[in-house]
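These notes concern the structure reproduced below.
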There are 2 protein chains.
Amino acid sequence: MTIDHDGDTPVYRQIAAIIAERIESGDLQPRRRIPSESDLVQEYGVARETARRAVAYLREQGLVYTVPQRGTFVKPSEGDVE
Amino acid sequence: MTIDHDGDTPVYRQIAAIIAERIESGDLQPRRRIPSESDLVQEYGVARETARRAVAYLREQGLVYTVPQRGTFVKPSEGDVE
DNA sequence: TTTCATTTGTCCGTATGTATT
DNA sequence: AAATACATACGGACAAATGAA
């Protein structure tokens with residue numbers, strides 16, 4: 001997966017889409033931590049704000065949840081055990 | 001040496017320049033520890049991130065090396081004895 | 001052995017200024 | 001004007017290793 005800096009889709013949404021795909025494919029498991037903002041900065045060569053936006057977008061979509069000072073994690077599905 | 005918070009040169013580079021000057025003048029000797037991040041925070045009244053950036057900048061310039069949980073030290077010159 | 005302070009590593013939250021589109 | 005992106009700077013918190021007491 002590569003980032004298109006010139007296309008119509010904002011970079012942060014492209015990154016969010018990649019992570020969302022990893023969640024849906026099971027590559028990123030429920031309650032497991034997703035890559036940190038710094039990881040995303042490194043991996044995709046973007047600014048931290050862009051990485052933060054990508055994570056914020058996933059949060060808005062209800063795919064992940066963030067624990068301050070801990071990280072961002074994949075939300076468990078509805079029927080999952082507590 | 002005072003920090004100019006409003007000038008063109010970023011604060012972290014000003015601090016890096018001060019330390020670089022201390023190294024070149026011999027005030028900070030090879031293999032000796034440079035001031036810790038906390039020291040720089042105290043001394044120049046900056047955030048830790050800014051202090052960390054200054055050190056990172058010196059590292060990129062090859063002037064110092066960092067040992068985790070130990071500190072950052074002045075790099076010995078080429079011809080120095082091991 | 002245990003405790004404690006120090007130090008760097010790694011997180012996250014926020015803000016401002018600038019540039020580009 | 002507004003959205004996107006980058007650079008800089010400040011703040012707080014916890015983790016982990018080291019070394020000294």
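If you're wondering where the values come from, they're calculated on a predicted model, not measured in any experiment. In what follows, chains are A, B, ... by sequence order, proteins preceding strands, each numbered from 1.
Annotation for Asp27(B) and Arg22(B): closest pair OD2-NE, 2.7 Å, computed over non-hydrogen atoms.
Note on Tyr12(A): every side-chain N or O is 4.0 Å or more away from OP1 and OP2 of dA5(D). Between His5(B) and the phosphate of dC10(D), there is a side-chain N or O to OP1/OP2 separation shorter than 4.0 Å. Between dT6(C) and Ser36(B), no contact under 4.0 Å exists linking OP1 or OP2 to a side-chain N or O.
Nucleotide dA1(D) is matched to nothing when pairs are restricted to Watson-Crick or G-U wobble geometry with both distances under 3.5 angstrom.
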- Task: Kindly determine whether His5(B) and Ile3(B) satisfy side chain to side chain contact (heavy atoms under 4.5 Å, CB included), including the steps that lead there.
- Result: CA-CA 6 Å; His5(B) 285 264; Ile3(B) 300 300; 3.8 Å; yes
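Gln69(B) contributes a side-chain N or O that forms a donor-acceptor pair with the base of dT8(C) under 3.5 Å.
Put simply, the side chain of Val64(B) does not reach to within 4.5 Å of the side chain of Lys75(B), judged on heavy atoms.
Atoms CD1 and CD1, from Ile34(B) and Ile19(B) in turn, are 4.5 Å apart once rounded to the nearest 0.5 Å. Thr2(B) contributes atom OG1, which lies 8.0 Å from atom CD1 of Ile18(B) (distance to the nearest 0.5 angstrom). Considering CD1 of Ile15(B) and OG1 of Thr9(B), their distance stands at 12.0 Å, rounded to 0.5 Å.
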Tell me which donor-acceptor pairs under 3.5 Å the side chains of residues 41-58 of chain B have, and how far apart each pair is, sequence neighbours excluded?
residue, atom, partner, partner atom, Å
Arg48(B), NE, Glu37(B), OE1, 2.7
Arg48(B), NH2, Glu37(B), OE1, 2.8
Arg52(B), NH1, Glu37(B), OE2, 2.7

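Rounded to whole angstrom, the span from the CZ atom of Arg48(B) across to the C1' atom of dG12(D) amounts to 11 Å. For the pair Glu49(B) CD and dA7(D) P, the interatomic distance rounds to 13 Å; values are reported in whole Å. Distance, Asp8(B) CG to dT8(D) P: 12 Å, rounded to whole Å.
For Pro10(A), counting side-chain heavy atoms from C-beta on, the closest listed nucleotide (dA16(D), dA5(D), dA9(D)) is dA5(D). Listed nucleotides dT4(D), dA9(D), dT18(D) differ in distance to Arg13(A); the shortest reach to its side chain belongs to dT4(D).
Clustering ILVMFWY residues whenever any of their side-chain heavy atoms sit less than 4.5 angstrom apart, transitively, puts Phe73(B) in a cluster other than the one holding Leu40(B).
Applying a 4.0 Å cut-off to non-hydrogen atoms, the residues of residues 50-62 of chain B that approach DNA chain D are Thr50(B), Arg53(B), listed by residue number. If you check residues 37-47 of chain B against DNA chain D, the residues with a heavy atom closer than 4.0 Å are Val46(B), Ala47(B), listed by number.
A donor and an acceptor atom, one from each side chain of Arg59(B) and Thr66(B), are located under 3.5 Å apart.
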